[in-house]
Amino acid sequence: MTYQIIDESYCRGDTAEIARNLLGTILVHFSPEGLTSGIIVETEAYLSQNDPACHAARGKTKRNAAMFGPPARAYVYFIYGNHYCFNVVTNEAGKGEAVLIRALEPVKGLHLMQERRGKNHKKTNLTSGPGKLCQAMGITGEHNGCPLFQDPLFIAICKGWRQDFDIGVSGRIGINKAQDKQLRFFVKGNPFVSR
DNA sequence: GGGAAGATGTTCT
DNA sequence: GAACATCTTCCCT
């Protein structure tokens, strides 16, 4: 499988469209413990306009500052006392938009993912949720603001994974505000999609 | 200073 | 399907 790493321009423009486009791309992390990677199969868009569920809705804070930075960077935040969530910053710097990566199909480093997740999880339980995939991939708050087009953490378009998948659309998961917005995108029928 | 909510995961019934 | 663990962040109930 050959990769073509994305560049900054890939994440400029309409955030919902980028959320769709990210489906079927691969997230790769060269960590000190080893390589892990997975195909992105579920995403959610968070917008700056008319979207109270977006962390940037109430303006820039210390926590969400990375969302207001340049696109194609990571926005990683800590939630519920236990979990990290990984986002791709989109649109232009200053906007405050991002795409939450909700699920991956593991490709490489399965053993390391098992180790990081602890216990004896099934393959489908390694990366099928935003908190799970961060733990499995070794993504933490250290990666907040990191570029996503160079080592050690990057997203690439891969030739070789099937490109003929159907895209499902639904309301976003786990939020109380703006539940009617159809901003969740996923690969239909993929067993690694959450829920 | 304090409280409540939060883009979740796990375990139990 | 529901309860709960766990703790940071942000805006005052």
Side-chain angles (χ1 to χ4, degrees), chain A residues 11 14-20 22-23 27 36 38 40-69 71 73-91 95-106 110 112-146 148 155 167-187 190-195:
Chain A
C11 295
D14 184 76
T15 295
E17 190 181 323
I18 295 163
R20 271 175 191 275
L22 283 171
L23 294 176
L27 176 66
T36 49
I40 296 171
V41 295
E42 181 180 354
T43 61
E44 283 178 4
Y46 286 85
L47 310 179
S48 60
Q49 296 299 314
N50 199 23
D51 185 4
C54 179
H55 284 176
R58 298 196 192 216
K60 190 172 170 178
T61 66
K62 190 175 175 184
R63 179 216 212 185
N64 67 21
M67 280 183 102
F68 290 88
R73 283 2 182 242
Y75 166 45
V76 184
Y77 64 91
F78 195 57
I79 193 73
Y80 294 128
N82 290 335
H83 311 293
Y84 288 102
C85 289
F86 172 74
N87 299 249
V88 179
V89 178
T90 57
N91 211 309
K95 281 275 190 182
E97 302 202 341
V99 173
L100 170 70
I101 308 302
R102 286 193 55 89
L104 302 176
E105 175 178 327
L110 276 287
L112 180 53
M113 289 186 184
Q114 281 280 9
E115 246 173 56
R116 284 179 173 144
R117 295 270 292 126
K119 306 188 178 161
N120 196 16
H121 291 289
K122 291 187 299 186
K123 187 180 175 187
T124 49
N125 201 29
L126 288 175
T127 55
S128 54
K132 297 180 196 175
L133 73 89
C134 282
Q135 191 180 16
M137 292 289 291
I139 295 171
T140 70
E142 290 174 23
H143 300 99
N144 193 29
C146 270
L148 295 174
I155 291 171
I167 295 179
V169 182
S170 78
R172 293 173 294 187
I173 289 179
I175 56 170
N176 297 311
K177 303 162 188 163
Q179 289 170 333
D180 55 315
K181 287 187 187 298
Q182 300 293 295
L183 290 172
R184 172 173 174 256
F185 306 98
F186 56 95
V187 175
N190 187 286
F192 299 94
V193 171
S194 69
R195 300 290 163 106

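Side chains included, hydrogens not; waters and symmetry mates left out as well; all remaining heavy atoms used. Just so it is clear: chains get the letters A, B, ... in the order the sequence lines come, proteins before strands, and each one is counted from 1. Just so it is clear, the structure is predicted and the values come from calculations on it, not from any experiment.
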Tell me, please, which residues at least two apart from A:N125 pass side-chain contact (heavy atoms from CB on, under 4.5 Å). A:R117, A:H121, A:S128, A:K132

What heavy-atom pair brings [X] and [Y] nearest, and what distance separates the two atoms?
X	Y	result
A:L126	A:A136	O-CB, 3.5 Å
A:P106	A:L104	CD-O, 3.6 Å
A:F78	A:R63	O-NH2, 4.1 Å
A:P191	A:T124	O-CG2, 4.2 Å

Whole-Å gap separating [atom2] ([N]) and [atom1] ([X]):
X	N	atom1	atom2	value
A:Y46	B:dA7	OH	P	7 Å
A:K177	B:dA4	NZ	C1'	12 Å
A:Y77	B:dA5	OH	P	18 Å
A:I173	B:dG9	CD1	C1'	14 Å
A:R195	B:dA7	CZ	C1'	11 Å
A:N87	B:dG6	CG	C1'	14 Å
A:R184	B:dT8	CZ	P	11 Å
A:Q179	B:dG6	CD	P	10 Å

Between the main-chain N or O of [Y] and the side-chain N or O of [X], is there a donor-acceptor pair closer than 3.5 Å?
X	Y	value
A:T43	A:A19	yes
A:Q182	A:D180	yes
A:Q135	A:R116	yes
A:N64	A:M67	no
A:R20	A:I18	no
A:E97	A:T90	no
A:E44	A:R102	no

Show me the donor-acceptor pairs, under 3.5 Å and distance only, between side chains in residues 50-58 of chain A and residues at least two apart or in other chains.
{"from": "A:D51", "atom 1": "OD1", "to": "A:A53", "atom 2": "N", "distance (Å)": "3.3"}
{"from": "A:D51", "atom 1": "OD1", "to": "A:R172", "atom 2": "NH2", "distance (Å)": "2.9"}
{"from": "A:D51", "atom 1": "OD2", "to": "A:L47", "atom 2": "N", "distance (Å)": "3.0"}
{"from": "A:D51", "atom 1": "OD2", "to": "A:R172", "atom 2": "NH1", "distance (Å)": "3.0"}
{"from": "A:H55", "atom 1": "ND1", "to": "A:Y75", "atom 2": "OH", "distance (Å)": "2.9"}

Scan nucleotides 11-13 of chain B against the protein and return all N/O pairs shorter than 3.5 Å with their distances rounded to 0.1 Å.
{"from": "B:dT11", "atom 1": "OP1", "to": "A:K119", "atom 2": "NZ", "distance (Å)": "3.0"}

Can you list, in residue-number order, the parts of residues 128-135 of chain A that come under 4.0 Å of DNA chain B, counting heavy atoms only? A:G129, A:P130, A:G131, A:K132

Under 4.0 angstrom between A:N176 side-chain N/O and B:dA5 OP1 or OP2: no

Output yes when at least one side-chain N/O atom of A:R117 is less than 4.0 Å from OP1 or OP2 of B:dT10, else no. yes

Give me the distance, rounded to whole Å, that separates B:dG6 from C:dT13 when you measure between the P atoms they each carry. 16 Å

Taking the P atom of each, how far is C:dA3 from B:dA5, in whole Å? 16 Å

Mark up nucleotides 4-13 of chain C, 5' to 3', with B wherever a protein heavy atom is under 4.0 angstrom from a base atom, S wherever such an atom reaches only the sugar-phosphate, and - elsewhere. -BBBSSSS--

Please convert DNA chain C into dot-bracket. A pair counts if it is Watson-Crick or G-U wobble with both distances under 3.5 Å; crossing pairs go in [ ] and bases paired with another strand get |. |||||.||||||.

Could you walk me through whether A:L100 and A:Y46 satisfy the side-chain contact (heavy atoms from CB on, under 4.5 Å) test, starting with their C-alpha distance in whole Å, then the side-chain angles of each, then the deciding distance to 0.1 Å, before giving a yes or no? CA-CA 8 Å; A:L100 170 70; A:Y46 286 85; 4.0 Å; yes

